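Proteins get letters first, then strands, A, B, ... in listed order; numbering begins at 1 in each. On a predicted model such as this, the values are computed, not experimentally measured, just so you know.
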Amino acid sequence: MNAPALAAAGTATPADAGYAERLLRWFDINGRHDLPWQHPRTPYRVWLSEIMLQQTQVKTAIPYFERFVAALPTLPALAAAPGDDVMALWSGLGYYARARNLQAAARRCMEQHGGELPRDIDALTALPGIGRSTAAAILSQAWGDRHAILDGNVKRVLARYHGIDGYPGQPAVEKQLWQRAESHLPSARMADYTQAQMDLGATLCTRADPACVLCPLQDDCVARREGRVAELPTPKPGKPVPQKHACVLWLENADGEVLMLRRPPTGIWASLWTLPQADDASASRAWFEHEARGDFSRAKALPPIDHAFSHYKLRLQPLRLRDVALHGRVGDNADLRWVARGEFASLGMPAPIRKLLETKLEP
DNA sequence: AAATCGGGGTT
DNA sequence: AACCCAGATTT
């Protein structure tokens, strides 16, 4: 294949014309046409799906999406909802800043854009939680507007197709990928084209064991021709992650309710409800003796929970204590309260804490 | 056990 | 511009 004309990046050149055509022809037969956000394909539903899909795979996102749009079917409904409701609907998906940004953006749309998502790439990108790729995905899918996306799937496809070396998260590499993405845009069918790219990357040009023999782009794929499919895209340079430890207190009152507190609005597990946590057992004891009455030595250590973040590993040691009463009146502090088992579903909680609290224990 | 994913925040 | 942060899932 001839070297593509870099000067022409941004417009489809004759040399590129086949890319979108072949991809769309493949999509018509093999693409995903029944995703819940495609029917009906409204700006609000596309937006919500794109935010969920930023760090979550389609299969995982679908039940969350269904539940979310059933509870909050429109942008004004999202804007008007209590923040706790939004967090509860997001609970388990991870990256909770996405949910807070989502609602903040909805509220800004109510104030500045007449209660609708703006149909303008710059206005969209200015909203919290929406960057260049997400804005492009919304506009192309909701309206058919001509913008290139560059998510993880597209990065992988383009890195292989053009044989681009270097970690795609690196700015210089990402810049090249954007240029390639712009160069392949078709002149019509943008909604299908955007979905087709994501489908190709998700179902066929996968990270491990891609199905190259089925690929509509295999004839011009540099990685395929040079036998470098397995080594592209270049993996992220690894770093050792530190191991951290903490204790969590599982305190129950005489009614079997669990003491929970709301974490601060920034940092890890922001705004989520969780168990009282301290760096070690003696700090847990100090917290307990300050807040509660009872014999701390009765606390029973449960099996530790291991949880992995991208930048550190956390081992949580749960300490369970029952028939606990507090010194003060809990009702005075909205961020610390007794929670009945039946209320768990309505609170946003980190996945490992929810799992811990739902483990069956002897009475 | 390690890699992954897009946007926002900080330096 | 170049890191750093956030978390559940998949491999």
Is the A:W90 ring parallel, tilted or perpendicular to the A:F68 ring (thresholds 30°, 60°)?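 Perpendicular: the ring planes of A:W90 and A:F68 meet at over 60°.
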
Give me the ring orientation class for A:F65 and A:W37: parallel if the planes are under 30° apart, tilted from 30 to 60°, perpendicular past 60°.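 It falls in the perpendicular class, over 60°.
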
Describe the nucleic acid contact of [X] in one word from base, sugar-phosphate, nothing, applying a heavy-atom distance below 4.0 Å.
{"X": "A:R156", "answer": "sugar-phosphate"}
{"X": "A:L127", "answer": "sugar-phosphate"}
{"X": "A:L53", "answer": "nothing"}

What's the gap between C:dG7 and B:dT10 when it is taken at their P atoms, as a whole Å value? 16 Å

Say we look at C:dA8 and B:dG9: how far apart would their C1' atoms be, to the nearest angstrom?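 Here C:dA8 and B:dG9 have their C1' atoms 22 Å from each other.
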
In whole angstrom, give the distance that lies between atom [atom1] of [X] and atom [atom2] of [N].
{"X": "A:N153", "N": "B:dC5", "atom1": "CG", "atom2": "C1'", "value": "9 Å"}
{"X": "A:I305", "N": "C:dG7", "atom1": "CD1", "atom2": "P", "value": "16 Å"}
{"X": "A:N101", "N": "B:dG9", "atom1": "CG", "atom2": "C1'", "value": "11 Å"}
{"X": "A:Q170", "N": "C:dC3", "atom1": "CD", "atom2": "C1'", "value": "12 Å"}
{"X": "A:R98", "N": "C:dG7", "atom1": "CZ", "atom2": "P", "value": "9 Å"}
{"X": "A:K236", "N": "B:dC5", "atom1": "NZ", "atom2": "P", "value": "10 Å"}
{"X": "A:L150", "N": "B:dC5", "atom1": "CG", "atom2": "P", "value": "11 Å"}
{"X": "A:D306", "N": "B:dA2", "atom1": "CG", "atom2": "C1'", "value": "15 Å"}

Salt bridge (Lys or Arg N to Asp or Glu O under 4.0 Å) between A:E252 and A:R320, intermediate numbers included: CA-CA 8 Å; A:E252 289 184 29; A:R320 189 177 188 221; 2.7 Å; yes

Any side-chain to backbone donor/acceptor pair from A:T206 onto A:T203? Under 3.5 Å, distance only. no

Return the polar atom pairs (N/O with N/O) between nucleotides 8-11 of chain C and the protein under 3.5 Å, or none.
from	atom 1	to	atom 2	distance (Å)
C:dA8	OP1	A:Y96	OH	3.4
C:dA8	OP1	A:A351	N	3.1
C:dA8	OP2	A:H307	NE2	2.7

Kindly say if A:R100 contacts the phosphate of B:dG8, meaning a side-chain N or O under 4.0 Å from OP1 or OP2. no

Can you tell me if the side-chain N/O atoms of A:T134 get under 4.0 Å from OP1 or OP2 in B:dG7?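 For A:T134, the contact criterion (side-chain N or O under 4.0 Å from OP1 or OP2 of B:dG7) is met.
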
Can A:E50 and A:Q141 be counted as having a side-chain donor-acceptor contact under 3.5 angstrom? yes

Can you list every salt bridge (charged side-chain N to carboxylate O under 4.0 Å, His left out) pair that touches residues 285-298 of chain A, not counting sequence neighbours? A:R285-A:E289

Donor-acceptor list for residues 114-125 of chain A side chains, cut-off 3.5 Å, not counting sequence neighbours:
from	atom 1	to	atom 2	distance (Å)
A:R119	NE	A:D145	OD2	3.0
A:R119	NH2	A:D145	OD1	2.8
A:D120	OD2	A:D122	N	3.1
A:D120	OD2	A:A123	N	2.8
A:T125	OG1	A:I121	O	2.6

Between A:P171 and A:I268, who's closer to the 5' end of DNA chain C by nearest nucleotide? A:P171

